[in-house]
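Reading through the structure tokens given below for one structure.
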Amino acid sequence: MFSGIDEVDWASMEHAYGPADDVPELLRGLASDDPAEREAALDGMYGAVHHQGDVYACTLACIPFLFELVVDPGVQDRGSVVELLTSIGGFDLDEDDEAEIDEDEIEGAANYAMAAAAVTAGAGVFFELIADEDPGVRLAAPLALATLHRHPVRVLALLRERLPVEPDEEVRLALVEAAGRVALRHRPLAGRAAEWLGRLASRAHSPGLRLAALAQLARCSPDGLPGDVVPVVSGLLREMRSTPKEPTAPGGPAVPEGDAARAADEPDAEPADPEPAAPAETGRGEHVVTPTLVGQLRSLSAQENAGSGTPWAADLLRTLHVGLDDRVGDRTALLADQLRSPDRRQRIDAVRMSGGLIRAWRGPYEELVALIGDQLADPEPRLSEAASHVLEELFGLAAPAADALAARLAADPGSWVKTWASGPPGLGSTVKALARLGDARAVPALAAALELKQVAHDVGFAVGHLGAAARPLAGALRRRLAEVELDEGAYDRASPLLAGLTGLRAGEAAPEVLRVLRGAPEYRGEWLRTAALRALGSFGPAAREAVPELRALIRRPGTASATEAAEALFAISGDAEAVLPVLIEGLQSDQVHDRRAAATALGALGPRAAVVAPRLRGLLAHEELWLRVDAAVALWEVTGRPQESTEALLAGWERSRHVRVRVAECVARMGPVPEGSAAAHVLRSELASVRRHNAMDGGYGSHDIHEDEKLLELCRRALRGTGKGTTA
């Protein structure tokens, strides 16, 4: 094995962590008899040679030796090597990607193309591996064929031929998944694949196989799903929970009576796919625990799936949900059924999938949220914690679970604050979820958090969401702020307290805030002063004792602190004449952030800043989108004329989804938009969209749902009174 491996000039190549002269050792490690050594070698391949999917020259040089490994029956864990080859050769570089490649990426793109060509050229071996004695190899081979082979018609035919004789249930599911992959990659074959998947979903197969067929059908041909897909899937899940495991009959798998009878009654029909009575022994033994990333991932997966007879069911349901896409009603009904399941594992998955659904799609979620709230009382910590994390992200949408959150909070004071090995403590998810609802039952937890030696870093934001309900905490916030030492750690200790006082508009705390403003240390001092100035500005006239300090700060026009001080001074004193020159100077700063701050502050002055209208008008053509939007808002505020501002705001709306909340805030304040106007059309289109405006594939922000719900409410407010259907 590995003939010629030492003749390759590995040292002249590099991988993610330097010279590739260790690659031969990794390849030999994949062939080791020692499970730990194999695991470490696989981790090294993914961590360095194929780091985050990258393909280097050394990755290309490995391909022939990886093929040697997968065809040698004496090598163990060959399925992992098949998966590695599939990953190396399965990168698709379409025309759009090619058009965006710059000079620095040319070599990398060429490597991807060469890897795809090299692995595809050898993909014929996977035809043999699909019937290998090792179930782990058979598990990996179908997806390799579907991803890499040049003749998808042959692949699809082989998948169909193999299914009736495959004894391992998990491998059978992989065959079905591979058919879905073929249909997605080769759209002309989608109809043929969907026809087969539809038959599999409707026949008397095992519930797992039928569910797998439905999941792939949802991905490649959703119109082919049965109209009653939710009750069908719910029935399959119940059947999976109740079906006892039976030993495989001697002599191999038997054909179920239903399929045999159907084949006899329909002589012209395609032969029925036989069903094994139970999965055969897989031969995939327990993986050793190793300190590698691969080992840790496998260990985590084992923990997650502990006690589950069908650990693959969650993946099938996720695939089904992806295929159902914008069918929010069906997905909600299916998740509600899953959340009522007696199977805790299934409920954990349902809670997490519910979070994903609500993040991406708008809809009526009251029943679903209440069911998530019910999980908070479950003694299984993974389930209750998953529920509290999802509810934390829902803000106002978590209202149906408010009582469940309060009960959980009262029952578990130990979860009020979470501490970490490094960094400041933080509030627990249950506290944050209840506070974000504005529910006063969160106040005792916040009061307790304020008595700890180190205040939780997010306590101030929680106080802000509670508003007046958190007024009893003002005294503790003042006291803790007065105790903060103004050293290099002052910002971390004071900022949560300042945020809380800002949210409460607690003007009585002006002396404590002024102490911080005056004594801010050099380290992060600018951040600390900004937080203090915002607090003083929120206090309004109640902070009049700060006026002399603020007048001194505005004597340095053009600086960020001068703009912030001017904004606070106007909020406290209303002295537009004093702050106007400072803000005009800030509008000419070299820093976009400072110009935006000045524009916002000028808008707050209203008509008293009308003199700056020409300057703001000039910024409507600035290259920075956010500055254009802020200038347009301020222009309307100082002139009272909406037309030119609205045009700029709607242009920004179309340019970027990220400015939409800011735009909608301004449009809503302008008053009901004229019926039939461009603004009305844009707002109605937003309300008609099922997908959240900030939904991202592959990522999300903790405030995404809150921001989108805020956008919807602003759109409704702006349209109120302009005609029928404005409350949709």
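- Surrounding CZ of Arg318 are more than 12 heavy atoms belonging to other residues, nucleotides or ligands, all under 6.0 Å away.
- Under the side chain to side chain donor-acceptor pair (under 3.5 Å) criterion, Ser495 pairs with no residue, sequence neighbours left out.
- Shown here for Pro496 and Val455, the closest heavy-atom pair between the two residues is CB-CG1, 4.4 Å.
- Distance alone, capped at 3.5 Å, places no donor-acceptor pair between the His186 side chain and the Ala190 backbone.
- A donor-acceptor contact shorter than 3.5 Å links the side chain of Arg138 to the backbone of Asp132.
- Nearest approach of Leu335 to Met353, heavy atoms of both residues: CD2-CB, 3.8 Å.
- Heavy atoms of other residues, nucleotides or ligands lying less than 6.0 angstrom from CH2 of Trp527 number 12 at most.
- The distance from atom CG of Leu30 to atom CG of Leu42, rounded to the nearest 0.5 Å, is 6.0 Å.
- Counting non-hydrogen atoms of other residues, nucleotides and ligands closer than 6.0 Å to CZ of Phe461 gives a total of 12 or fewer.
- Under the rule for a ring pair (Phe, Tyr, Trp, His ring centres under 6.0 Å), the partners of His51 that lie at least two apart in sequence or sit in another chain are Tyr17.
- By the 4.5 Å heavy-atom criterion applied to side chains, Val155 and Phe127 are counted as neighbours.
- A heavy-atom distance below 4.5 Å is found between the side chains of Leu376 and Ser388.
- Under the ring pair (Phe, Tyr, Trp, His ring centres under 6.0 Å) criterion, Phe395 pairs with His465, His703, His706, sequence neighbours left out.
- For the pair Ala201 and Ala213, the tightest heavy-atom approach, listed with the atom from each and the gap, is N-CB, 3.8 Å.
- Checked by atom type and distance alone, the side chain of Arg185 pairs as donor or acceptor with a backbone atom of Thr147 at under 3.5 Å.
- A donor-acceptor pair is defined here as one N or O able to donate and one able to accept, closer than 3.5 Å; no such pair exists between the side chain of Ser221 and the backbone of Leu217.
- Under the 4.0 Å criterion applied to side-chain N and carboxylate O atoms, Glu25 and Arg28 are not assigned as salt-bridge partners.
- Taking the side chain to side chain donor-acceptor pair (under 3.5 Å) definition, one finds that Gln375 meets it with Arg347, sequence neighbours left out.
- Taking 4.5 Å as the limit, some side-chain heavy atom of Ser206 sits within range of a side-chain heavy atom of Leu209.
- In this structure, the side chains of Leu26 and Val49 come closer than 4.5 Å at one or more pairs of heavy atoms.
- Val171 and Pro135 make their closest contact through CG2-O, 3.7 Å (heavy atoms, listed as atom of the first residue, atom of the second, distance).
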For this session: Start with the C-alpha gap between Leu334 and Leu320, add the side-chain angles, then the distance that decides, and say whether side chain to side chain contact (heavy atoms under 4.5 Å, CB included) holds.
Result: CA-CA 10 Å; Leu334 180 55; Leu320 179 63; 3.8 Å; yes
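- The nearest pair of heavy atoms linking Cys220 to Arg187 is O-NH2, 3.0 Å.
- The local environment of CD in Glu128 is sparse, with at most 12 non-hydrogen atoms from other residues, nucleotides or ligands closer than 6.0 Å.
- Listed for the Trp10 side chain is no donor-acceptor partner under 3.5 Å among the backbone atoms of Ala61.
- In this view, Glu380 and Arg382 satisfy the salt bridge (charged side-chain N to carboxylate O under 4.0 Å, His left out) rule, not counting sequence neighbours.
- A salt bridge between Arg691 and Asp326 is absent, with no side-chain N of the basic residue lying under 4.0 Å from a carboxylate O of the acidic one.
- A 4.5 Å side-chain heavy-atom check between Asp168 and Leu139 finds every atom pair outside the cut-off.
- Once rounded to the nearest 0.5 Å, the distance linking CD of Gln346 with CG of Leu383 reads 12.0 Å.
- Shown here are the salt bridge (charged side-chain N to carboxylate O under 4.0 Å, His left out) partners of Arg692, two or more places apart in sequence or in another chain: Asp708, Glu709.
- If you take CG on Leu66 and CD1 on Ile88, they are separated by 5.5 Å, rounding to the nearest 0.5 Å.
- Every side chain to side chain donor-acceptor pair (under 3.5 Å) that Ser32 has, sequence neighbours left out, goes to Glu37.
- For Glu68, the CD atom is densely surrounded, since the number of other residues' heavy atoms within 6.0 Å is greater than 12.
- Few gaps surround CG on Asp9; more than 12 heavy atoms of other groups in view lie less than 6.0 Å from it.
- To the nearest 0.5 Å, atoms CZ (Phe126) and CG (Leu145) are separated by 7.0 Å.
- To the nearest 0.5 Å, the span separating CG on Asp22 from CG on Leu27 amounts to 10.0 Å.
- For the residue pair Met240 and Ala313, the shortest heavy atom distance occurs at CE-CB, 3.6 Å.
- Using a distance-only test at 3.5 Å, with no hydrogens or angles considered, no donor-acceptor pair links the side chain of Ser87 to the main chain of Leu84.
- Taking the salt bridge (charged side-chain N to carboxylate O under 4.0 Å, His left out) definition, one finds that Arg154 meets it with nothing, sequence neighbours left out.
- Among residues two or more places apart in sequence or in another chain, the side chain to side chain donor-acceptor pair (under 3.5 Å) test is passed with Asn694 by none.
- The salt bridge (charged side-chain N to carboxylate O under 4.0 Å, His left out) test applied to Arg331 returns no partner, not counting sequence neighbours.
- Side-chain contact between Val8 and Met13: present, with at least one pair of heavy atoms (C-beta onward) separated by less than 4.5 Å.
- Counting heavy atoms from C-beta outward, Leu156 and Val153 have side chains that stay 4.5 Å or more apart.
- A search for ring pair (Phe, Tyr, Trp, His ring centres under 6.0 Å) contacts involving His151 returns His149, not counting sequence neighbours.
- Remark: Leu69 CG to Ser80 OG distance equals 11.5 Å, nearest 0.5 Å.
- In this structure a side-chain-to-backbone donor-acceptor pair under 3.5 Å is missing from Thr120 to Ala117.
- Looking at Thr319 and Gln216, their side chains come closer than 4.5 Å, going by heavy atoms from C-beta outward.
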Using atom types as modelled, flag every donor-acceptor pair under 3.5 Å from a side chain in residues 420-430 to any protein atom, sequence neighbours excluded.
| from | atom 1 | to | atom 2 | distance (Å) |
| --- | --- | --- | --- | --- |
| Ser429 | OG | His389 | ND1 | 2.8 |
| Ser429 | OG | Glu392 | OE1 | 2.8 |

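- For the pair Arg359 and Tyr700, the cation sits on the ring face: its NZ or CZ lies under 6.0 Å from the ring centre, inside 45° of the axis.
- Under 4.0 Å is where a charged nitrogen must lie from a carboxylate oxygen, and between Arg38 and Asp77 at least one such pair does.
- The number of heavy-atom neighbours closer than 6.0 Å to CZ of Phe2, taken from other residues, nucleotides and ligands shown, is above 12.
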